[in-house]
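Let me begin by presenting the structure, written as structure tokens, before commenting on it.
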Amino acid sequence: MAIVRLSGNHVARIGEQMLGRLPPAREARFRVFRDRAGRRLDEGLALYFPGPNSFTGEPVLELHGHGGPLLVSMLVNAARELGARLAEPGEFSKRAFLNGRVDLAQAEAIADLIAAGSEQAARAALRSLAGEFSERVNELVEALIEARLHVEAAIDFPDEDIDFLADAALEARLDGCRRRFAELAEAASQGRVLKDGYRAVLVGPPNVGKSSLMNRLSGEDTAIVTEVAGTTRDILRETLNLDGLLVELIDTAGLRDDPGRVEEEGIRRARRALKDADVCLWVQDASAAGPPPALDDALPPAAKLIVVKNKIDLCGETAAVDPGPAPTVGVSAATGEGIDVLREQLKETAGLGDLGEGAFTARARHVDAIERARGHFDAGLDALNKNRAGELLAEELREAQNALSEITGEFTSDDLLGRIFSEFCIGK
């Protein structure tokens with residue numbers, strides 16, 4: 001079966017010409033589908049949704065035919081002959097947004113639901129589509145507006161004896177905003193990982209078992225394993241599903257000071273892969289002493305580090321996690337000991353150890369908007385605490401509000417809308 005969907009103000013006219021008569025609103029009825037000349041093309045169910053009570057907010061007609069590329073093409077061409085045109089990528093969702101049926105975060109959740117790579121990601125996208133993410137954003141926007149009203153009232157009455165900027169009520173409002181920012185930023189970061197997955201890069205000296213570890217984690221013999229140092233000379237990738245967390249696992253060439261010419265290119269690519277890493281798995285021999293080398297220059301600021309001590313079966317160490325800023329996990333790629341512990345540590349490092357039923361999907365642009373809004377909020381607090389500058393605080397609160405409003409589309413440029421909906425598939 002295939003569905004041809006039409007939306008717009010001329011749907012009723014086109015539908016009457018293709019079907020003879022429209023079905024009753026929101027009732028599926030059997031109809032014969034015909035072209036402009038009255039020739040029979042197909043038959044099936046027709047559904048009509050008058051605006052504004054439709055997905056797009058406009059009149060919508062769905063033709064449920066037998067399917068097949070040729071039949072679909074004939075139906076589409078018949079509709080075009082009667083005045084319709086092909087939809088642009090994401091145009092149905094874009095029209096739903098422009099007509100106020102969904103906000104921008106909900107519209108994006110439609111694409112996220114379709115592209116979900118795990119059941120957990122699909123459930124999270126459904127929660128975003130239902131408006132849970134938008135509700136959290138709007139609650140913070142309202143809190144910022146209340147704080148702005150208080151500050152601007154203090155600015156409007158400067159001759160009063162009471163210092164409204166030192167009022168406990170304002171301090172409580174600002175503390176509430178600070179707490180909401182922290183909670184929303186953490187939830188959005190988790191949502192971004194659910195949508196986009198988590199990039200874990202294996203790095204370390206040659207011949208410490210990085211390739212063996214990748215094979216053990218993925219359950220596939222993706223990487224060639226030999227006793228010769230420098231076997232891995234290119235980037236190898238595998239995707240893992242850790243209880244709903246999609247992890248792109250990247251094996252890289254061993255890092256050493258005097259490589260051969262081909263291996264040197266592999267090391268250069270390894271360092272480039274680190275620039276996009278969410279987490280670096282530094283793999284070293286369990287018998288090696290000392291911490292891993294400083295990787296700050298190679299890792300992005302938000303990336304995490306996990307130290308993996310491999311070959312614990314050869315030195316009698318355990319698979320326990322040694323917590324810290326860079327947690328250490330003992331494993332044996334040869335026997336599989338500690339692999340489950342490492343998997344759990346990966347989930348914990350990603351912030352997805354226990355998501356429960358409250359997770360929602362988020363995109364990189366959402367995380368960026370929240371961080372920009374948080375930066376304006378912090379700048380406003382700094383101006384208030386150092387200089388009692390209420391005017392600067394009010395302006396920074398306004399900028400924070402605008403940044404957050406980009407998420408739901410209340411404050412969004414047409415250029416951004418074009419980029420967002422161009423990523424959607426045709427017919428959504």
Side-chain angles (χ1 to χ4, degrees), residues 2-15 25-26 47-64 72-73 75-77 79-80 82-116 121-122 124-138 141 188 191-192 194-196 360-370 372 401-428:
I3 300 175
V4 174
R5 176 192 286 174
L6 297 92
S7 179
N9 294 328
H10 300 296
V11 158
R13 175 183 60 78
I14 295 174
R26 291 174 291 281
L47 276 164
Y48 177 59
F49 304 90
N53 298 318
S54 68
F55 172 67
T56 63
E58 304 167 338
V60 171
L61 177 65
E62 292 184 357
L63 305 178
H64 298 236
V72 171
S73 178
L75 285 175
V76 169
N77 288 335
R80 295 176 67 185
L82 291 168
R85 63 168 175 82
L86 292 177
E88 298 173 356
E91 186 167 359
F92 286 91
S93 298
K94 184 177 182 179
R95 290 185 176 216
F97 163 69
L98 294 175
N99 291 324
R101 298 296 292 172
V102 296
D103 65 34
L104 192 54
Q106 289 175 296
E108 289 172 303
I110 297 169
D112 296 341
L113 178 61
I114 295 169
L126 280 172
R127 283 189 283 271
S128 288
L129 180 56
E132 293 187 23
F133 180 30
S134 302
E135 184 178 352
R136 295 276 295 275
V137 172
N138 290 332
V141 169
R192 199 278 303 170
L194 269 178
K195 176 192 173 292
D196 296 333
F360 49 77
T361 54
R363 296 187 166 204
R365 79 168 191 92
H366 302 155
V367 175
D368 174 69
I370 292 169
R372 283 190 287 113
Q401 177 186 340
N402 287 343
L404 287 176
S405 296
E406 291 178 14
I407 296 175
T408 57
E410 294 180 23
F411 183 81
T412 306
S413 68
D414 291 338
D415 180 58
L416 177 60
L417 290 180
R419 292 202 307 272
I420 289 172
F421 288 105
S422 68
E423 300 172 358
F424 282 49
C425 59
I426 298 293
K428 297 300 179 185

Next item on the list: Determine the minimum heavy-atom distance between Ser134 and Gln106, stating which atoms define it.
Entry: OG-CG, 4.2 Å
Notebook entry, point to check: Which atom names give the shortest non-hydrogen contact between Ala107 and Ser93, and what distance separates them?
Noted result: CB-O, 4.3 Å
Next item on the list: Tell me whether the guanidinium CZ or amine NZ of Arg136 lies under 6.0 angstrom from the six-membered ring centre of Phe360 and within 45° of its axis.
Entry: no
Next item on the list: Keeping the roles fixed (side chain from Arg365, backbone from Ile407), state whether a donor-acceptor pair exists under 3.5 Å.
Entry: yes
Note to self: Measuring from atom CG of Asp112 to atom CZ of Phe133, what distance do you get when rounded to the nearest 0.5 angstrom?
What the structure shows: 10.5 Å
Margin query: For Gly90 versus Phe424, what's the shortest heavy-atom pair and its separation?
Written below: CA-CB, 3.3 Å
Next item on the list: First locate atom CG of Asn99, then atom CD of Glu58, and finally report the distance between them rounded to the nearest 0.5 Å.
Entry: 5.0 Å
Note to self: Looking at every non-hydrogen atom in both residues, tell me the closest pair between Gly57 and Arg101 and how far apart they are.
What the structure shows: N-CG, 3.7 Å
Next item on the list: State plainly whether the residues Arg85 and Glu91 are in salt-bridge range, i.e. N to O under 4.0 Å.
Entry: yes
Item checked: Side chain proximity check, Phe55 to Phe49, heavy atoms < 4.5 angstrom -> no
Checklist line | Side chain to side chain, His366 and Arg192, heavy atoms closer than 4.5 Å | finding: no
Checklist line | pair Leu404-Ile370: side-chain heavy atoms closer than 4.5 Å | finding: yes
Checklist line | Residue pair Val72 / Ala2: nearest heavy atoms and the distance that separates them | finding: CG2-CB, 3.4 Å
Note to self: Donor-acceptor pair, distance only, cut-off 3.5 Å: does the side chain of Asp368 make one with the backbone of Ala364?
What the structure shows: no
Item checked: Spatial distance of atom OG1 (Thr56) from atom CG (Leu6) [nearest 0.5 Å] -> 10.5 Å
Notebook entry, point to check: Looking only at heavy atoms, what is the nearest atom pair of Leu113 and Ala122, with distance?
Noted result: CD1-O, 3.5 Å
Check: What distance separates Phe421 CZ from Ile110 CD1, expressed to the nearest 0.5 Å?
Finding: 8.0 Å
Checklist line | Side chain to side chain, Pro59 and His10, heavy atoms closer than 4.5 Å | finding: no
Checklist line | Lys/Arg N to Asp/Glu carboxylate O, Glu88 vs Lys94, below 4.0 Å | finding: no
Next item on the list: Evaluate the side-chain proximity of Arg80 to Leu86: yes if any heavy-atom separation is below 4.5 Å, no if none is.
Entry: yes
Margin query: Within the structure provided, determine whether Glu410 and Val141 are in side-chain contact (heavy-atom separation under 4.5 Å).
Written below: no
Notebook entry, point to check: Can you check whether Ala105's main-chain N or O pairs, donor with acceptor, with Asp103's side chain at less than 3.5 Å?
Noted result: yes
Check: Side chains of Asn138 and Thr408: does their closest heavy-atom pair fall under 4.5 Å?
Finding: yes
Next item on the list: For residues Tyr48 and Val11, determine if any side-chain heavy atom of one lies less than 4.5 Å from a side-chain heavy atom of the other.
Entry: yes
Next item on the list: Measure the spacing between CD of Glu406 and CD of Gln401 and express it to the nearest 0.5 Å.
Entry: 12.0 Å
Next item on the list: Please confirm whether the backbone N or O of Leu82 pairs with a side-chain atom of Arg13, one donor and one acceptor, at under 3.5 Å?
Entry: yes
